[in-house]
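Just so you know, ligand 1 is whichever comes first in the structure, and atom 1 is the first atom listed for that ligand.
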Amino acid sequence: MALSDRILMGPGPCNPYPDAVAALGRPMLGHLDPEFLGILDETNDRLREVWKTSNRLTFPVSATGSAGMEICLVNVIEPGDAVVIGVNGVFGGRMVEVAERCGADVTRVDFEWGQPVDPEQLLDAHPNPKLIGVVHAETSTGVRSEIGELGANKGDALLLVDCVTSLGGIPVEIDEWGVDLAYSGTQKCLGVAPGLAPVTVSERARQFIVARPRSWYLDLNLISKYVDGEGARAYHHTAPISMIFSLHAGLGAVLDEGLENAWERHETCGRRLREGLTDLGFELFAVEGHRLPELTTVTVPDGVDDAVVRSRLLSDYGIEIGGGLGAYAGKVWRIGCMGHTARLRNVELLLAALTQLV
Ligand code: PLP
């Protein structure tokens with residue numbers, strides 16, 4: 001089977017939107033070419049629409065989602081700053097590690113995997129933190145946590161939200177929820193290849209940006225000169241031109257469809273997948289009411305060989321699904337339905353294949 005026939009139903013990357021693939025082949029332009037700068041400006045406008053924000057400092061970082069996490073922390077955290085982070089899976093844990101490397105004094109609040117972060121417990125964890133961090137959509141467990149309550153009650157703290165697996169797939173409301181810093185990745189519900197990290201920073205958070213962050217590449221003081229169009233109008237490095245063309249096109253596909261329609265398409269696929277898997281006898285892993293439509297997690301039934309089934313799905317049907325992480329390796333499957341992959345035809349094909357294999 002041709003590699004181009006692969007159906008990517010793992011936790012990401014998904015199959016990119018055809019327009020995003022085609023855009024990778026656009027003629028190369030110089031990174032200061034006015035044509036390119038126009039496309040970059042338009043990309044940032046499109047990102048503001050998808051993020052639902054008016055934040056001026058909204059742009060794609062030239063690296064993957066993890067760099068989005070790091071840029072948000074390294075620019076506002078100084079050694080000794082109090083930071084509270086909710087951890088209900090791998091990526092909350094990664095946020096703790098990055099914050100600690102910035103020298104933060106981290107209060108880590110753990111929740112059982114498969115459960116959401118409880119906003120009240122996070123808010124009660126420290127009397128006056130500089131920053132509260134949380135993962136909106138935990139890709140290791142398929143769980144959505146509530147953000148609005150944190151934003152409404154954060155006090156003077158900055159609210160940092162990981163939207164890597166949520167942006168473009170489920171509602172994200174940066175301004176309405178009072179989020180100060182957020183980052184995403186291109187390879188999930190935005191339907192583009194991996195390689196960029198869309199980031200948005202509120203005007204309030206910009207006042208906390210330190211003069212000399214402990215990273216040159218991720219220094220927002222240098223990069224924001226471009227974003228605000230102050231003089232130089234360039235990233236402080238060579239922009240990844242082709243990836244920005246591709247993100248521009250992927251966002252175009254989402255906005256042409258209508259953001260709400262894209263959410264609805266993810267919702268429809270997730271609902272059908274959960275229903276079909278339950279009919280096949282699978283037990284859903286994430287707690288009800290917080291299940292992500294774009295990432296369904298199920299317990300691997302007794303007697304089913306995790307590795308054999310996943311490898312036969314790939315070799316016989318060209319379908320990739322993801323295994324569990326950490327303590328759930330071999331015990332849980334993570335089935336993505338993101339971006340261009342979120343089509344009912346893909347869901348039905350996977351369910352039919354699983355009927356043969358388990
Ligand atoms: N945060 C979440 C919730 C993720 O799912 C991922 C990647 O899967 C990341 C952060 C890191 O993103 P990347 O792998 O693009 O660096």
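Contact analysis puts Ala137 in contact with ligand 1, with a non-hydrogen atom separation below 4.0 angstrom. Within the structure, the closest approach of Lys188 to ligand 1 falls below 4.0 Å when heavy atoms are considered. For the pair Gly185 and ligand 1, no heavy-atom separation below 4.0 Å is found.
The nearest pair of heavy atoms linking Leu220 to Leu57 is CD2-CD2, 4.3 Å.
Between Tyr183 and ligand 1, a contact under 3.5 Å exists for no N or O pair. In terms of polar-atom proximity, defined here as any N/O pair under 3.5 Å, Met69 makes no such contact with ligand 1. Between Arg94 and ligand 1, not a single N/O pair is under 3.5 Å apart.
Within a 6.0 Å radius of CD in Glu120, no more than 12 heavy atoms belonging to other residues, nucleotides or ligands are found. A 6.0 Å sphere centred on CD of Glu112 holds no more than 12 heavy atoms belonging to other residues, nucleotides or ligands.
Salt bridge Lys52/Glu260: present, at least one basic N to carboxylate O contact under 4.0 Å. A salt bridge is absent between Asp162 and Arg94; no separation between the charged side-chain nitrogens and carboxylate oxygens falls under 4.0 Å.
Looking from atom 1 (N) of ligand 1 to the surrounding protein, the closest heavy atom is Asp162 OD2, 2.6 Å. The protein atom (non-hydrogen) at minimum distance from atom 6 (C) of ligand 1 is Phe91 CE2, 3.3 Å. Nearest protein neighbour of atom 5 (O) of ligand 1, counting heavy atoms only, is Thr139 OG1, 2.4 Å. In terms of protein heavy atoms, atom 14 (O) of ligand 1 is closest to Gln187 NE2, 4.0 Å. Here the protein heavy atom with the shortest distance to atom 11 (C) of ligand 1 is Ser66 OG, 3.3 Å.
Remark: the Asn44 side chain and the Thr58 side chain contain no N/O donor-acceptor pair separated by less than 3.5 Å. If you check the side chains of Ser202 and Asn55, you find no donor sitting under 3.5 Å from an acceptor.
Within the listing of ligand 1, atoms 5 (O) sit less than 4.0 angstrom from a heavy atom of Thr165. Close approach of ligand 1 to Gly65 is summarised as follows: ligand atoms under 4.0 Å from at least one heavy atom of the residue are 12 (O), 13 (P), 15 (O), 16 (O).
Here the CG-CZ distance, from Asp41 to Phe59, works out to 13.5 Å after rounding to the nearest 0.5 Å.
Counting heavy atoms from C-beta outward, Met95 and Leu160 have side chains that approach closer than 4.5 Å.
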